[in-house]
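Every heavy atom of this structure was used, including side-chain atoms; hydrogens, water molecules and symmetry mates were not. Since this is a predicted model, take the numbers as computed values, not measurements. In this chain, numbering begins with 1 at the start of the sequence shown.
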Amino acid sequence: MRIDDYDFEKTAKTVFVMNPSIRESHMNLQTWEDVREFMINMAYTHCHKSNSFSTGGFQLTAFDGSDGERHVRASVSSSLAYDYVEKLRKLATGSW
(Lines give C-alpha, C1' and ligand atoms only; values in the text may rest on other atoms or scores of the structure.)
Protein backbone atom coordinates (compact mmCIF):
# COMPACT_ATOMS: atom_id res chain seq x y z
CA MET A 1 0.00 0.00 0.00
CA ARG A 2 1.28 3.45 -0.90
CA ILE A 3 0.34 6.22 1.50
CA ASP A 4 0.46 9.77 0.12
CA ASP A 5 2.76 11.24 2.78
CA TYR A 6 2.06 14.85 1.81
CA ASP A 7 -1.74 14.42 1.99
CA PHE A 8 -1.55 12.52 5.25
CA GLU A 9 0.71 15.09 6.93
CA LYS A 10 -1.29 18.14 5.84
CA THR A 11 -4.61 16.48 6.65
CA ALA A 12 -3.42 15.31 10.08
CA LYS A 13 -2.18 18.80 10.95
CA THR A 14 -5.47 20.35 9.82
CA VAL A 15 -7.70 17.81 11.58
CA PHE A 16 -5.66 18.21 14.77
CA VAL A 17 -6.44 21.95 14.79
CA MET A 18 -10.01 21.84 13.49
CA ASN A 19 -11.32 18.87 15.47
CA PRO A 20 -10.67 19.23 19.22
CA SER A 21 -12.71 16.11 19.93
CA ILE A 22 -10.01 13.98 18.31
CA ARG A 23 -7.65 15.13 21.09
CA GLU A 24 -10.26 14.74 23.80
CA SER A 25 -11.37 11.25 22.81
CA HIS A 26 -10.36 7.93 24.30
CA MET A 27 -7.85 7.50 21.47
CA ASN A 28 -5.26 9.72 23.22
CA LEU A 29 -4.18 11.52 20.04
CA GLN A 30 -2.09 14.30 21.58
CA THR A 31 -0.10 15.49 18.54
CA TRP A 32 -0.71 15.81 14.82
CA GLU A 33 1.80 12.98 14.41
CA ASP A 34 -0.50 10.77 16.51
CA VAL A 35 -3.38 11.71 14.22
CA ARG A 36 -1.29 10.84 11.14
CA GLU A 37 -0.40 7.44 12.63
CA PHE A 38 -4.07 6.82 13.40
CA MET A 39 -4.94 7.71 9.80
CA ILE A 40 -2.27 5.35 8.46
CA ASN A 41 -3.59 2.55 10.69
CA MET A 42 -7.11 3.19 9.38
CA ALA A 43 -5.81 3.05 5.81
CA TYR A 44 -4.19 -0.33 6.37
CA THR A 45 -7.26 -1.59 8.21
CA HIS A 46 -10.01 -0.35 5.88
CA CYS A 47 -8.63 0.55 2.46
CA HIS A 48 -7.59 -2.80 1.03
CA LYS A 49 -11.05 -3.57 -0.31
CA SER A 50 -12.92 -0.32 0.29
CA ASN A 51 -12.34 2.79 -1.83
CA SER A 52 -13.44 5.22 0.85
CA PHE A 53 -13.27 5.53 4.62
CA SER A 54 -14.15 8.45 6.89
CA THR A 55 -13.91 9.14 10.62
CA GLY A 56 -12.67 11.82 13.00
CA GLY A 57 -12.91 14.59 10.43
CA PHE A 58 -10.82 13.03 7.68
CA GLN A 59 -11.59 11.09 4.53
CA LEU A 60 -9.38 8.39 3.03
CA THR A 61 -9.68 7.57 -0.66
CA ALA A 62 -8.06 4.43 -2.05
CA PHE A 63 -7.48 3.38 -5.63
CA ASP A 64 -5.45 0.89 -7.62
CA GLY A 65 -2.66 2.72 -9.41
CA SER A 66 -1.25 2.00 -12.85
CA ASP A 67 1.79 0.63 -11.00
CA GLY A 68 -0.38 -2.20 -9.68
CA GLU A 69 -0.26 -0.95 -6.09
CA ARG A 70 -3.04 0.28 -3.83
CA HIS A 71 -2.72 4.04 -3.22
CA VAL A 72 -4.38 6.01 -0.41
CA ARG A 73 -4.89 9.76 -0.24
CA ALA A 74 -6.26 11.76 2.68
CA SER A 75 -8.38 14.89 2.93
CA VAL A 76 -10.35 16.88 5.48
CA SER A 77 -14.02 15.93 5.54
CA SER A 78 -16.37 18.61 4.27
CA SER A 79 -18.51 18.44 7.40
CA LEU A 80 -15.51 19.20 9.63
CA ALA A 81 -14.45 22.11 7.43
CA TYR A 82 -18.00 23.49 7.37
CA ASP A 83 -18.45 23.19 11.15
CA TYR A 84 -15.09 24.89 11.74
CA VAL A 85 -15.92 27.80 9.42
CA GLU A 86 -19.33 28.20 11.04
CA LYS A 87 -17.71 28.30 14.47
CA LEU A 88 -15.28 31.00 13.30
CA ARG A 89 -18.09 32.98 11.71
CA LYS A 90 -20.10 32.89 14.91
CA LEU A 91 -17.08 34.03 16.92
CA ALA A 92 -16.44 36.89 14.49
CA THR A 93 -20.04 38.11 14.47
CA GLY A 94 -20.83 37.39 18.08
CA SER A 95 -23.98 35.49 17.16
CA TRP A 96 -24.43 32.07 18.70
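Within the model, atoms NZ of Lys13 and CZ of Phe8 stand 15.0 Å from one another, a figure rounded to the nearest 0.5 Å. Here CD of Glu37 is found 9.0 Å from OG1 of Thr31. Values are rounded to the nearest 0.5 Å. Rounded to the nearest 0.5 angstrom, Tyr84 OH and Met18 CE are separated by 6.5 Å. Once rounded to the nearest 0.5 Å, the distance linking CZ of Arg36 with CG of Leu29 reads 12.5 Å. Here SG of Cys47 is found 7.5 Å from CD1 of Ile3. Values are rounded to the nearest 0.5 Å. One finds the CD atom of Gln30 at 7.0 Å from the CZ atom of Phe16 (value rounded to the nearest 0.5 Å).
Residue Leu80 is tested with Thr14, Val85, Asn19, Ile22 for a side chain to side chain contact (heavy atoms under 4.5 Å, CB included); the sole match is Asn19.
Using a 30° and 60° split on the angle between ring planes, Phe38 and Phe58 fall in the perpendicular class, above 60°.
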Could you check Arg89 against Glu86 for salt bridge (Lys or Arg N to Asp or Glu O under 4.0 Å), going step by step and ending with a plain yes or no? CA-CA 5 Å; Arg89 185 187 63 75; Glu86 278 294 301; 3.0 Å; yes
Apply side chain to side chain contact (heavy atoms under 4.5 Å, CB included) to Asp34 and Asn28, showing your working. CA-CA 8 Å; Asp34 293 339; Asn28 197 31; over 6 Å; no
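Taking all atoms of both residues into account, the shortest heavy-atom contact from Ser50 to Arg70 is O-NH2, 2.8 Å. Contact record, Gly56 with Val15: O-CG1, 3.4 Å, taken as the closest heavy-atom pair. The minimum heavy-atom distance linking Leu60 with Ala43 is given by the pair CD1-N, 3.6 Å.
Residues Phe63 and Phe53 fall into different hydrophobic clusters, defined by Ile, Leu, Val, Met, Phe, Trp and Tyr side chains chained together at heavy-atom separations under 4.5 Å.
Taking a 6.0 Å sphere around CZ of Arg73, one finds it holds 12 or fewer heavy atoms contributed by other residues, nucleotides or ligands.
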